[in-house]
Amino acid sequence: MTKIVFMGTPAFSAPILRMLVEEGHEVVSVVTQPDRPVGRKKILTPTPVKEQALALGLPVYQPEKLKDPEQAQKILDLQPDLIVTAAFGQILPTAVLEAPKLGAINVHASLLPEYRGGAPIHQAIIDGKQQTGVTIMYMVDRLDAGDIISQTTVPIEEADHTGSMFEKLSAAGMELLKETLPSIIDGTNARIPQDEERVSFARNISRDQERLDWNKSARDLYNQVRGLHPWPVAFTSLDRTNVKIWRAEIADSVKTAEPGEVLELTEDAIIVQTGEGALAIKELQPAGKKRMTAQDYLRGPKLQAGDRFE
């Protein structure tokens with residue numbers, strides 16, 4: 001039986017691990033990131049993949065840095081036939097990539113060569129794409145640059161956000177890997193080099209990408225808000241205080257004003273002028289307070305038409 005080492009960290013990866021076990025594959029170890037403090041109380045929390053692995057009775061290894069030869073050696077000692085990764089979150093050293101006789105493969109949440117990097121789902125939505133997908137690919141010592149084995153396309157609906165697409169793409173990746181794995185194991189799979197002229201990148205989201213620029217169009221800002229929902233969440237400023245914008249919609253407004261200016265307050269929204277069109281803020285979170293609907297927010301501070309988000 002093929003000995004598999006699985007590497008993954010977030011909720012995106014957990015169903016993929018579960019599928020491997022349910023399909024009868026021998027997962028000899030699960031490698032995931034170390035437990036991290038979460039929330040205001042900084043409670044040490046295991047990764048979703050660790051929780052799934054323990055529920056399945058699988059051994060778990062949580063190296064701080066696989067670049068450390070001693071930590072990488074623990075994986076080499078397992079002598080895996082195949083390494084399967086899905087949103088692991090660390091770069092694998094060359095020695096680990098080259099060790100398995102069947103190679104190391106990755107379940108990547110984009111249609112490579114588009115959106116190489118750590119935030120392909122966020123970036124696809126921010127860019128207003130109407131579809132994305134999953135790629136099963138061989139791993140090499142360049143970022144997401146290995147040969148493509150298989151791909152599947154997943155539409156991005158108007159109401160989708162990063163959270164909903166994580167779930168859709170996780171399910172699609174699970175099914176695609178289930179279909180593809182037998183050919184990888186018996187050596188009959190496709191191996192398609194990536195077209196370097198079509199490469200684009202989706203680096204991890206920076207703080208600057210989280211800030212709303214009201215000079216952009218309502219469409220672009222709407223895509224930015226949903227592309228950053230439910231993490232890390234877009235933000236703007238009001239009276240020099242940061243305000244997170246959790247949910248917004250493109251507003252149907254004929255009024256015009258300076259970008260960032262509040263056009264009107266409705267029962268359930270704050271309508272804000274943008275560089276082109278208007279955006280309706282539906283859910284927000286002032287600094288130091290809980291997430292709330294615009295309706296609840298408007299019961300408090302005396303926000304008025306003419307006030308301006310910075």
Side-chain angles (χ1 to χ4, degrees), residues 9-13 48 86-87 89 107-135 143-144 151-173 198-238 242-251 259-260 269-286 291-294 309-310:
T9 297
F12 173 88
S13 316
V107 182
H108 184 77
S110 82
L111 295 173
L112 291 171
E114 186 174 63
Y115 296 137
R116 293 179 182 176
I121 302 176
H122 295 79
Q123 200 61 56
I125 297 173
I126 290 171
D127 290 348
K129 294 287 186 178
Q130 294 184 337
Q131 68 177 27
T132 183
V134 178
T135 301
L143 181 65
D144 298 327
Q151 291 184 316
T152 188
T153 300
V154 178
I156 301 174
E157 306 293 344
E158 176 72 7
D160 273 324
H161 49 71
T162 288
S164 65
M165 289 306 299
F166 257 76
E167 293 179 2
K168 291 181 180 182
L169 290 165
S170 175
R198 295 178 49 236
V199 170
S200 63
F201 290 91
R203 306 292 186 185
N204 290 337
I205 299 296
S206 68
R207 183 64 171 169
D208 287 344
Q209 288 176 285
E210 297 170 25
R211 179 182 286 278
L212 297 177
D213 178 357
W214 293 102
N215 292 299
K216 292 182 178 180
S217 70
R219 166 58 63 180
D220 287 344
L221 292 172
Y222 169 67
N223 289 338
Q224 185 178 356
V225 169
R226 66 193 186 113
L228 298 174
H229 176 92
W231 69 90
V233 187
F235 75 95
T236 184
S237 298
L238 182 66
N242 286 347
V243 180
K244 290 183 177 181
I245 307 299
W246 283 86
R247 190 168 63 88
E249 297 175 359
I250 298 173
I270 302 166
I271 313 299
V272 184
Q273 178 69 46
T274 73
E276 181 183 340
L279 193 73
I281 298 173
K282 293 284 193 171
E283 290 186 43
L284 65 164
Q285 183 177 6
R291 173 182 175 181
M292 65 186 77
T293 64
F309 287 96
E310 300 159 11

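Excluded from the calculations below are hydrogen atoms, water molecules and symmetry mates; all remaining heavy atoms, backbone and side chain alike, are included.
Contact detail for M165 and P155: the closest heavy-atom pair is CE-O, 3.7 Å. Looking at every heavy atom in both residues, I245 comes nearest to L212 through CG1-CD1, 3.8 Å. The minimum heavy-atom distance linking L143 with R203 is given by the pair CD2-NH1, 3.2 Å. Heavy-atom minimum distance, K216 versus L221: O-CD1, 3.9 Å. Scanning all heavy atoms of the two residues, the minimum distance from A294 to A269 falls at CB-CA, 3.8 Å.
The CG atom of D127 sits 3.5 Å away from atom OH of Y115, with the distance rounded to the nearest 0.5 Å. Atoms CD1 and CG, on I250 and L279 in that order, are 7.5 Å from each other to the nearest 0.5 Å. With rounding to the nearest 0.5 Å, the separation of CD1 in I205 from CH2 in W231 is 11.5 Å. With rounding to the nearest 0.5 Å, the separation of CD in E158 from OH in Y222 is 4.5 Å. With rounding to the nearest 0.5 angstrom, the CD1 atom of I126 is 6.5 Å from the OG1 atom of T162. Separation of atoms CG (L111) and OG1 (T132) is listed at 5.0 Å; rounding is to 0.5 Å.
Salt bridge annotation for R226-E283: absent, with no cationic side-chain nitrogen under 4.0 angstrom from a carboxylate oxygen.
Not a single donor-acceptor pair under 3.5 Å links the side chain of E210 to the backbone N or O of K244. Using modelled atom types, no side-chain atom of T152 and backbone atom of V134 make a donor-acceptor pair closer than 3.5 Å. A donor-acceptor distance shorter than 3.5 angstrom exists from the side chain of Q151 to the backbone of L112, with no hydrogens or angles considered.
Residues meeting the ring pair (Phe, Tyr, Trp, His ring centres under 6.0 Å) test with H108, sequence neighbours left out: none.
There is a side-chain donor-acceptor pair under 3.5 Å between R211 and S237.
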Worked verdict on S200 versus E114 for side-chain hydrogen bond (donor to acceptor under 3.5 Å, both in side chains): CA-CA 5 Å; S200 63; E114 186 174 63; 4.8 Å; no

Stepwise side-chain contact (heavy atoms from CB on, under 4.5 Å) check, I281 with F309: CA-CA 11 Å; I281 298 173; F309 287 96; 4.0 Å; yes

